[in-house]
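Reviewing the structure listed below.
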2 protein chains.
Amino acid sequence: MINKDILQNKLKDKGFKITDQRLAIIDVLLEHKNHFISAEEIYKKVSVNLPKTNFSTIYRNLEIFEEIDIIHKTTLSGITAIYELICNNEHHHHIICKNCGKTEIIDFCPFDHIKSQINKKSFVLTGHKFELYGYCNRCLKK
Amino acid sequence: MINKDILQNKLKDKGFKITDQRLAIIDVLLEHKNHFISAEEIYKKVSVNLPKTNFSTIYRNLEIFEEIDIIHKTTLSGITAIYELICNNEHHHHIICKNCGKTEIIDFCPFDHIKSQINKKSFVLTGHKFELYGYCNRCLKK
DNA sequence: ATGCATGCAAAGCATTTGCAATCAA
DNA sequence: TTGATTGCAAATGCTTTGCATGCAT
């Protein structure tokens, strides 16, 4: 089960320093486990305890966190990039409401089904994205 | 088989006017069937024959084309949005090289496999994205 | 003590918007 | 003719960068 110590060690192991800002960002990510969160939301939450924190610090660290596989970044049309903690053994994909952004988790992974077919092709695979778009019940009622 | 007339009619049917710029964009999209292309690439290609064309015209029309299902827009981290013509009966997904952007088509669609499972959930599905990331042989050799 | 990390301010870049002129129907 | 479409220029908004200061190790 993922926790603060594991993530902190991941940083140390890769030679990054442990700073208040990084710990605060990790806290926010842990709070939002299994949910997408934008850089701005992280910025606001971190700012509650560390008011001087700058947006560039958030972005710089999110970039590092992505590099060392702490988080996964997703970009969608017309929406700010969103991030989520990578939880080992908790691999999953999403259904995303195009109107309100509500997400549900789907544990089916198409990658398992396709892996063998792809290996014939001249690509080394490092990642994949499977996202379903639509509207949730609440948005349909409006 | 998709062609210029079909797309032109699609515009007319939805009440949009046929302009030189729109036809030029359609030409470019047809030339790039089954390949992603960015707004800038479209802009440059359209500008060859219509030098006065403005970037905003490209963006405005790509937005319209997306609305009426002529193209599909894809957004990836750190890369400009990319577009491709929607070819009926030629539904497919991609493998994308994270280094050079080279794409290969995969005709496997995970959606077919998952559809029945999702309907239980409180979502109306309107679209999906399945993308594999990795490196192509040429980029690995470097 | 050393150099990585941060805050700050400014820049960058893709994309969007307001408005007047132009053009398709 | 008339409203949709375009070109132009300026604005927007997210994200990145340079640089001096501060802090973890």
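Residue numbers begin at 1 in each chain, while the letters A, B, ... track the order of the sequences.
- As rounded to whole Å, 17 Å separates atom P of C:dG3 from atom CZ of A:F16.
- Without hydrogens or angle criteria, B:R22 side chain to B:K17 main chain gives a donor-acceptor distance under 3.5 Å.
- Here D:dT25 is the nucleotide among D:dT15, D:dT5, D:dT25 with the atom lying nearest to any side-chain atom of A:I18.
- Across the protein-nucleic acid pair, A:K14 atom NZ and D:dA24 atom C1' stand 20 Å apart, rounded to whole Å.
- Atom CG in A:D20 sits roughly 14 Å away from atom C1' in D:dT25 (whole-Å rounding).
- Listed pair A:T19 / C:dT6 meets the phosphate criterion, a side-chain N or O lying under 4.0 Å from OP1 or OP2.
- Distances were taken from every side-chain heavy atom of A:T80 (C-beta onward) to each of C:dA5, D:dC14, C:dG7; the shortest belongs to D:dC14.
- OP1 and OP2 of D:dT5 both lie 4.0 Å or more from every side-chain N or O belonging to B:T57.
- A close approach under 4.0 Å does not occur between any side-chain nitrogen or oxygen of B:N54 and OP1 or OP2 of D:dA9.
- Considering only the side chain of B:Y59, C:dT15 comes nearest among C:dG7, C:dT15, D:dT5.
- Exactly one of B:L7, B:I70, B:I86, B:L85 qualifies for a side-chain contact (heavy atoms from CB on, under 4.5 Å) with B:F65. That residue is B:I70.
- Note: CG (B:L23) to C1' (D:dT5) measures 13 Å, nearest angstrom.
- Of the charged side-chain nitrogens involved, none lies within less than 4.0 Å of a carboxylate oxygen, so that A:E41 and A:K45 do not count as a salt-bridged pair.
- Residue B:R60 places its side chain closer to C:dT17 than to any other of C:dT17, C:dA25, C:dT6.
- Atom pair A:K73:NZ and D:dT16:C1' shows a separation of 11 Å (rounding to whole Å applied).
- Contact of B:S56 with D:dC8 (side chain to base): a donor-acceptor pair of N or O atoms is detected under 3.5 Å.
- The two residues A:N54 and A:Y43 come nearest to each other via the heavy atoms C-CE1, 4.0 Å.
- Closest non-hydrogen pair, B:A24 versus B:L50, comes out as CB-CD1, 3.9 Å.
- As judged by a 4.0 angstrom heavy-atom cut-off over every strand, A:F55 is placed among residues making no nucleic acid contact.
- The nearest whole Å value for the distance from the CG atom in A:N61 to the P atom in D:dA24 is 14 Å.
- Projected onto DNA chain C by closest heavy-atom contact, A:K52 and A:I64 fall at different nucleotides, the more 5' of which corresponds to A:I64.
- The distance between atom CD1 of A:I58 and atom P of D:dT15, rounded to the nearest whole Å, is 12 Å.
- Between the OH atom of B:Y43 and the P atom of D:dT6 there is a distance of 14 Å, rounded to whole Å.
- Along DNA chain C, the nucleotide closest to A:L50 and the one closest to B:K12 are compared, and the more 5′ of them pairs with A:L50.
- An OP1 or OP2 oxygen of C:dC23 is reached within less than 4.0 angstrom by no side-chain nitrogen or oxygen of B:Q21.
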